[in-house]
Amino acid sequence: MTDMRAFRDAVSDWAAGGPGEPASDLAARLGLRTAVLLEGPSDLAAVETLAERRGRDLAAEGVCVVPMGGAMSIGRFAGLLGPPGLGLRLRGLCDEREQRFYDRGLRRARAPHGGFFVCVADLEDELIRALGTARVEEVIRAEGDLRAWQTFLRQPAQHGRPRQQQLRRFLGTKKGRKIRYGRLLVEPLGPGEVPAPLDDLVRSL
């Protein structure tokens, strides 16, 4: 796991204009064959949690999950890790509204589009719809965030909004909360409840 973190850090440095040799050396040492490109760390938490629940050891399988820091970075990361760069097989998730950026970035990197699975709004929205709002609120209560949730609901901007939208907004209101719930909203999913984009992604690895 430490080496995978080192690889992710090396890729981030490379994407920011640093040298590519550290990432290339680590990829060879780790036997990497696939890079999963995700927008951020909350998506990473969800993907790794589902893989672990299914008995998968992604690192041992040569798979590294890489948060890019936003959808606009897809072209850069696909170029570094895909056919023009390290030659890894690329997989990932994208949001429907940002699909055109992914299409353009993957085309430039000569990477197949078929390994990227589309969420309607984002992965948090997919997970909330999969669990249902009542079960998400149960998770919030179990995590000790009930008071914060109730305070959030009293904000004028939240009055009259659909519960699903309120929950999705709540997850992003505190630093680190979205990452934590990326794991927590995957853990209670039963057979057949995993959102299709996440399910298809993990099955494809």
Side-chain angles (χ1 to χ4, degrees), residues 1-16 18 22-23 26-27 30 32 34-54 56-59 61-78 80-82 88 90-99 101-102 105 115-131 136 139-140 143-145 148 167-189 194-195 197-202 204-205:
M1 183 62 75
T2 300
D3 286 340
M4 282 298 184
R5 289 197 188 97
F7 176 73
R8 284 196 286 260
D9 290 343
V11 170
S12 295
D13 290 343
W14 190 12
L26 280 166
L30 294 167
L32 294 183
T34 301
V36 182
L37 302 181
L38 303 172
E39 285 194 35
S42 63
D43 296 340
L44 181 149
V47 169
E48 291 191 334
T49 299
L50 182 60
E52 289 168 7
R53 283 191 54 190
R54 292 181 172 174
R56 303 281 299 275
D57 184 341
L58 296 183
E61 296 174 27
V63 178
C64 185
V65 186
V66 180
M68 302 182 295
M72 301 297 288
S73 299
I74 181 62
R76 179 69 172 153
F77 278 80
L80 297 178
L81 301 180
L88 302 178
L90 301 181
R91 293 289 184 268
L93 292 173
C94 73
D95 301 342
E96 194 173 69
R97 68 182 177 277
E98 290 155 349
Q99 192 170 1
F101 299 120
Y102 278 72
F116 285 76
F117 304 93
V118 181
C119 301
V120 174
D122 54 26
L123 184 54
E124 286 78 24
D125 180 68
E126 297 279 352
L127 291 169
I128 291 167
R129 283 192 284 116
L131 279 174
V136 175
V139 174
I140 289 172
E143 281 301 298
D145 286 335
L167 286 163
R168 182 165 165 250
R169 180 71 187 103
F170 174 73
L171 296 182
T173 55
K174 181 180 178 183
K175 185 177 180 180
R177 179 180 285 153
K178 187 183 285 190
I179 301 171
R180 184 160 53 96
Y181 278 87
R183 172 179 58 82
L184 292 170
L185 296 184
V186 169
E187 288 176 340
L189 290 169
V194 178
L198 179 58
D199 187 36
D200 291 343
L201 170 63
V202 173
S204 76
L205 301 178

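Quick note: residue numbers are just sequence positions, from 1.
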Heavy-atom distance under 4.5 Å between the side chains of [X] and [Y], does that happen here?
X	Y	value
Arg56	Leu50	no
Pro197	Leu123	no
Val118	Tyr102	no
Leu32	Leu81	no
Cys94	Ile74	no
Val202	Arg54	yes
Asp145	Tyr181	yes

So, taking the atom named [atom1] in [X] and the one named [atom2] in [Y], what distance separates them when rounded to the nearest 0.5 Å?
X	Y	atom1	atom2	value
Glu48	Arg183	CD	CZ	12.0 Å
Phe117	Asp200	CZ	CG	5.5 Å
Met72	Arg76	CE	CZ	14.5 Å
Phe101	Ser73	CZ	OG	11.5 Å

So, [X] and [Y], do they make that salt bridge, N to O below 4.0 Å?
X	Y	value
Asp9	Arg5	no
Asp122	Lys178	no
Glu143	Lys174	no

For the backbone of [Y] and the side chain of [X], can you confirm whether one donor and one acceptor N or O come within less than 3.5 Å of each other?
X	Y	result
Arg8	Pro67	no
Glu126	Val120	yes
Arg91	Val63	no
Arg168	Asp125	no
Arg53	Leu189	yes

Closest approach of [X] and [Y], non-hydrogen atoms and distance?
X	Y	result
Thr49	Ala45	OG1-O, 2.7 Å
Gly115	Leu201	O-CD1, 4.4 Å
Arg97	Ala121	NH1-O, 2.9 Å
Ala46	Leu127	CB-CD1, 4.5 Å

* Asked: Looking at residues at least two apart in the chain, or sitting in another chain, which of them share a side-chain hydrogen bond (donor to acceptor under 3.5 Å, both in side chains) with Gln99?
  -> none

* **Pairing residues for Asp95 by the side-chain hydrogen bond (donor to acceptor under 3.5 Å, both in side chains) criterion, not counting sequence neighbours** => none

* To do: Determine, stepwise, if the pair Leu80 / Phe77 fulfils side-chain contact (heavy atoms from CB on, under 4.5 Å).
  => CA-CA 5 Å; Leu80 297 178; Phe77 278 80; 5.5 Å; no

What side-chain donor-acceptor pairs closer than 3.5 Å can you find for residues 35-43, not counting sequence neighbours?
{"residue": "Ser42", "atom": "OG", "partner": "Glu124", "partner atom": "OE2", "Å": "2.9"}

